[in-house]
Amino acid sequence: MARANRQGIRAGAVVVAAAAAVAGTAWGVTALVEPGPGRHEDAARQTDTGGTGGGSDDGAKGGGGKGGGAQGAGGGAPRSQIPDGIAHASESGGNAVNITIDDGPDPQWTPKVLEVLEKYDVKATFCMIGPQAKAHPDLVKRVVAGGHRLCDHTMNHDTTMDKKPVDYQEKQILDAKKMIEDAAGGGATVEYYRAPGGAFTPDSRRIAAAHGMRPLGWNVDTKDFGKPGVAAIVNTVKTEIGNGPTVLFHDGGGNRTQTVAALDQVLAWLKNQGRPTGFPVRTAPDAS
């Protein structure tokens, strides 16, 4: 009997390993760990770990499900219509690209990012840290006034959230949401939730969706957080945009000189390629 159990366990491990291999290669996504202490954004971790309530819906990309919704800040769909699958596709469809900006707002770099976006008439999704938003409400208001959308990036950017209790995850998500919306004022709403480092769980996705926020992944990590050089950042976008439409940049977490310069070049390239930009889906199916 013990021998049979061991054989069953080994067989189950083989199945799990095979499934993981398929998920890891289906979209050509590998772990992307930032230099320095701890990890920052990790594409391979956009799948669920821990918690209850079902996994992500599209393998290594970190879930699909349903998304879509109204344009502009504050124009969300009823909470009951927000799926908890991780979004990647663009509401604009076709070959549209979603520009997403993480870890701000920052008083030095967010204004520079906004200037570049305005230069190309591009709208982006800003994934903000709660205390940063509270400290710089003028910048949150400026983001909203520019027609951009707001995204909850938690209170402390804890990339180990997927290992923490559900109560902790909920507080990280909802406290940040309140700070961002209070800073924005005027009835603006946070429309997305992006887990730090891709540390989604079924519980965190459920909590976000229940409060009107679509879980948001990414397809292209520009790796700008590690400051690899402007040319390297731009080249990453050009070579990896085939992975899907949602591109990750940063306006917080340190000197973003390279990010600002690279964003300018990327947006110029997208314009020359005839590729529009848009927002990630909120309620329509994620077809990315």
Side-chain angles (χ1 to χ4, degrees), residues 33-34 36-42 45-46 48-51 53 62 73-74 76 79 82 84 86-87 100-110 113 124-144 148-218 221 225 248-254 256 280:
V33 182
E34 298 294 344
R39 66 186 168 228
H40 201 75
E41 312 303 354
D42 183 346
R45 294 184 68 248
Q46 291 182 77
D48 290 319
T49 57
R79 292 175 180 175
I82 304 297
D84 64 6
I86 303 171
T100 65
I101 314 290
D102 281 21
D103 294 357
D106 180 276
Q108 181 173 2
W109 303 109
T110 303
V113 168
T125 300
F126 283 78
C127 302
M128 297 183 175
I129 306 295
Q132 287 292 108
K134 182 177 181 179
H136 306 289
D138 55 323
L139 293 178
V140 183
K141 290 179 174 64
R142 183 173 168 184
V143 166
V144 173
H148 308 288
R149 288 187 182 179
L150 300 174
C151 173
D152 181 336
H153 206 31
T154 74
M155 291 291 291
N156 305 116
H157 202 284
D158 182 355
T159 59
T160 65
M161 271 184 61
D162 53 340
K163 309 299 183 186
K164 302 292 179 62
V166 175
D167 287 350
Y168 174 87
Q169 297 178 49
E170 183 171 51
K171 185 171 178 59
Q172 281 283 315
I173 295 167
L174 298 187
D175 285 2
K177 179 179 186 290
K178 185 177 189 307
M179 283 188 182
I180 297 167
E181 291 181 344
D182 286 351
T189 60
V190 176
E191 301 188 59
Y192 305 93
Y193 162 66
R194 174 173 277 167
F200 286 101
T201 67
D203 288 307
S204 68
R205 294 190 296 109
R206 171 185 54 78
I207 291 163
H211 290 82
M213 298 179 289
R214 178 69 184 266
L216 176 60
W218 65 89
D221 178 1
F225 195 81
L248 169 65
F249 290 95
H250 295 84
D251 63 343
R256 302 269 68 94

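Quick note: residue numbers are just sequence positions, from 1. Quantities reported herein were computed from a predicted structural model and do not represent experimental measurements.
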Under the rule for side-chain contact (heavy atoms from CB on, under 4.5 Å), what residues qualify as partners of D158, not counting sequence neighbours? T160, M161, K164, Y168

Who are the side-chain hydrogen bond (donor to acceptor under 3.5 Å, both in side chains) partners of D152, not counting sequence neighbours? none

Rounded at 0.5 Å granularity, tell me how far CE in M128 sits from CG in D251. 7.0 Å

With T154 via side-chain hydrogen bond (donor to acceptor under 3.5 Å, both in side chains) - residues at least two apart: none

side-chain contact (heavy atoms from CB on, under 4.5 Å) filter on A184, not counting sequence neighbours, yields V140, V144, L150, A188

Which residues satisfy the side-chain hydrogen bond (donor to acceptor under 3.5 Å, both in side chains) test with E170, sequence neighbours excluded? none

State which residues pass side-chain contact (heavy atoms from CB on, under 4.5 Å) with A208; sequence neighbours excluded, sorted by chain then number. Y193, M213

Between T100 and R194: side-chain donor-acceptor atoms closer than 3.5 Å: yes

If you take all heavy atoms of A87 and L216, which pair is closest and at what distance? O-CD1, 3.7 Å

Can you list the residues that meet the side-chain contact (heavy atoms from CB on, under 4.5 Å) rule with Q132, with sequence neighbours excluded? P105, I129, H136

Looking at CD1 of I207 and CD of Q169, how far apart are the two atoms once the value is rounded to the nearest 0.5 Å? 6.0 Å

Residue pairs meeting salt bridge (charged side-chain N to carboxylate O under 4.0 Å, His left out), one or both in residues 126-141, sequence neighbours left out, come to none

Just jot down the side-chain hydrogen bond (donor to acceptor under 3.5 Å, both in side chains) partners of T125, sequence neighbours excluded, or say none. none

